[in-house]
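A short write-up of the structure that comes next.
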Amino acid sequence: MRTVIAKFGGTSLADAGQFRKVKAIIEQDPARRVIVASAPGKRFPEDIKVTDLLLACYEQAQRGEPFEETLGKIRERFDEILTDLGIGFGLDAAIEELRAHLSKDPQMEYVMSRGEYINAQILALYLGFSFVDPEWCVCFDESGKLNAELTKRTMTASLRPLRNAVIAGYYGADMTGRIHTFTRGGSDVTGSLAAAAIGAELYENWTDVSGLLAADPRIVEDPRIVEFMSYRELRTLSYMGASVLHTDAVLPVSDLGVPINIRNTERPEDPGTTIVRKLPRGETKYPIVGVAGRKGMSVIQVEKVMVSDESGFAAVILDILKNLKLPFEQYLTGIDTVTLVIRSDLLAPMKDRVFAQIRETLDPDYLGLTENVSMIAVIGERATDSSDANVRVLLALAEAGVPINTINQGAGKLNLLIGVPDDCYGDAIRAIYGAIDESAREV
Ligand code: ASP
């Protein structure tokens, strides 16, 4: 039997109208047998997500403040969905259970998980599917870390016998029964775990956009949607700030090679973005899949004549960072120079110590610092296969008058990382995006 895991995010399940769209999507393909549900999200931009209302409730209870009004808003959200869809569900009992919990020493993760807990039950009733409570099959240890092995076994055992099921996203429990949640947006992770557990042929992640964009739409007008990308490319894009999929959602499916398909509940006819382990062979139309970046980097430059002959030099610098528990983004070496790229917010509190220690231990000929640098990633595993993509990118930056602070491309060639001044960030992204589009070939 073909199985597709379909995870629906908060906006896809924000109200009764959205539930209807979700049902129509599920009914279109009988392989959509295992559904992962988020809590109701925003219905309009100023709206508040149910998970945020739950958090507010918890905080009020924690401070000993009245929380009835907030709890009433949560109740209203579910009540509206139930009334509109004509579903009989014991909402009063569920709210009463939550109220009782809030009234005595509440636990934050338990409270925050109740949006998914209730919403998934409502969706299961609406679809006529079984409800699966992840309390019994998403296993955490007592420190709140996911036990992936055990989860795989218990999830397989819970889901395999069912013809169809709705599982609540975002949470699980430890051996003592204490509820733990993933970080925000974590229903994506539940979907991925479920896909891995039952060896799904596809993991569909239904959201409110038609896929991953090749560039930030706040900077580039109407950027293209990426049709295919690899897990590795997605990882880079997410690291650089693209936020369509939770970063921990890739690992469980990537081991098995289950493709992830990002889809839009508002436009189910759109193919979305498909993320695969290995990109299809042959020439691709867009060898560069996208461009993304992060502002706020500091670049430290250390120079010392003959340094490249001293093998211990790198070890000393890295030891300084390690002892100060200061992570770095990049470590670049040249003849007699070492360049470190570090996030400015992390460097700031220990800048003086880092510089003093480098001076003391290495006695450099020159020690410099450039701040307000943006790191831009030009992403594409296939970019350097056959094309002149790098040349086009650098040429586009030169034409746009963007100075370059650093360039880094390892043998892995997943991406080209370019450092530019923060105030040129937008121009750089636009220029590179232009070059990507220009370098696209018809295949
Ligand atoms: N409802 C949770 C959140 O708002 C988890 C999720 O939607 O994935 O973060």
Side-chain angles (χ1 to χ4, degrees), residues 5-15 18-19 21-22 34-59 70-71 73-78 81 94-95 98 106-124 131-135 137-138 140 144 146 151 155 166-173 179-196 203-209 212 234 238 241-253 260-266:
I5 301 286
K7 178 258 167 178
F8 291 89
T11 43
S12 302
L13 292 167
D15 60 21
Q18 296 299 87
F19 268 67
K21 290 180 194 165
V22 165
V34 178
I35 312 302
V36 179
S38 275
K42 293 184 179 192
R43 293 159 294 181
F44 40 87
E46 317 75 53
D47 201 11
I48 305 173
K49 292 178 176 187
V50 164
T51 309
D52 287 319
L53 289 171
L54 287 162
L55 176 60
C57 241
Y58 164 80
E59 285 169 349
T70 319
L71 189 59
K73 285 186 189 157
I74 295 166
R75 190 187 186 292
E76 244 169 61
R77 290 290 304 267
F78 289 118
I81 295 171
I95 296 292
L98 183 54
Q107 188 225 335
M108 185 173 87
E109 289 172 278
Y110 172 85
V111 175
M112 287 182 76
S113 72
R114 296 303 89 181
E116 271 75 9
Y117 174 69
I118 300 174
N119 217 30
Q121 289 182 71
I122 298 175
L123 184 63
F131 167 66
V132 174
D133 187 345
E135 177 175 349
C137 59
V138 174
F140 286 81
L146 178 78
T151 298
M155 250 199 175
V166 177
I167 176 167
Y170 186 43
Y171 70 92
I179 298 289
H180 295 275
T181 59
F182 296 111
T183 51
R184 295 298 301 268
S187 299
D188 287 346
V189 185
T190 313
S192 185
L193 292 169
Y203 169 25
E204 289 178 344
N205 190 290
W206 291 83
T207 175
D208 53 2
V209 290
L212 282 137
L234 172 70
S238 306
S243 63
V244 175
L245 196 72
H246 193 291
T247 35
D248 295 343
V250 175
L251 196 65
V253 285
I260 307 171
N261 184 203
I262 310 284
R263 298 287 289 270
N264 189 350
T265 302
E266 304 310 306

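FYI, side chains are in, hydrogens and waters are out, and symmetry mates aren't considered; it's all heavy atoms of this structure. Atoms within a ligand are numbered from 1 in the order they appear, just like the ligands themselves.
Residue contacts with ligand 1: Met112 is excluded, as none of its non-hydrogen atoms falls under 4.0 Å. Distances from ligand 1 to the non-hydrogen atoms of Gly186 include at least one value under 4.0 Å. Using a 4.0 Å cutoff on heavy atoms, Gly115 does not count as a contact of ligand 1.
Polar contact with ligand 1: present for Thr51 (N/O pair, distance under 3.5 Å). Considering backbone and side-chain atoms together, Gly10 places no N or O closer than 3.5 Å to any N or O of ligand 1.
When non-hydrogen atoms are compared, ligand 1 lies under 4.0 Å from neither the backbone nor the side chain of His246.
The closest protein non-hydrogen atom to atom 6 (C) of ligand 1 is Ser187 OG, 3.4 Å. Protein heavy atom closest to atom 7 (O) of ligand 1, with residue, atom name and distance, is Ser38 OG, 3.2 Å. Nearest protein heavy-atom neighbour of atom 5 (C) of ligand 1: Glu116 OE2, 3.3 Å. For atom 4 (O) of ligand 1, the closest non-hydrogen atom on the protein side is Arg184 NH2, 2.9 Å.
At least one donor-acceptor pair closer than 3.5 Å links the side chain of Arg77 to the backbone N or O of Ala14. A donor-acceptor pair under 3.5 Å is absent between the side-chain atoms of Thr190 and the main chain of Gly169, judged by distance alone. Gln107 places a side-chain N or O within 3.5 Å of a backbone atom of Ile179 that can act as its donor or acceptor partner.
In this structure, Gln121 CD and Phe78 CZ are separated by 10.0 Å, a value rounded to the nearest 0.5 Å.
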(message) Go through it in stages, so that I can follow the logic: the residues are Ser192 and Leu245, the test is side chain to side chain contact (heavy atoms under 4.5 Å, CB included), and I'd like the CA-CA distance, side-chain angles, deciding distance and then a yes or no.
(response) CA-CA 11 Å; Ser192 185; Leu245 196 72; over 6 Å; no
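When every heavy atom of Leu54 is checked against every heavy atom of Met112, the shortest pair comes out as CD1-O, 3.9 Å.
Under the 4.0 Å criterion applied to side-chain N and carboxylate O atoms, Lys42 and Asp52 are not assigned as salt-bridge partners.
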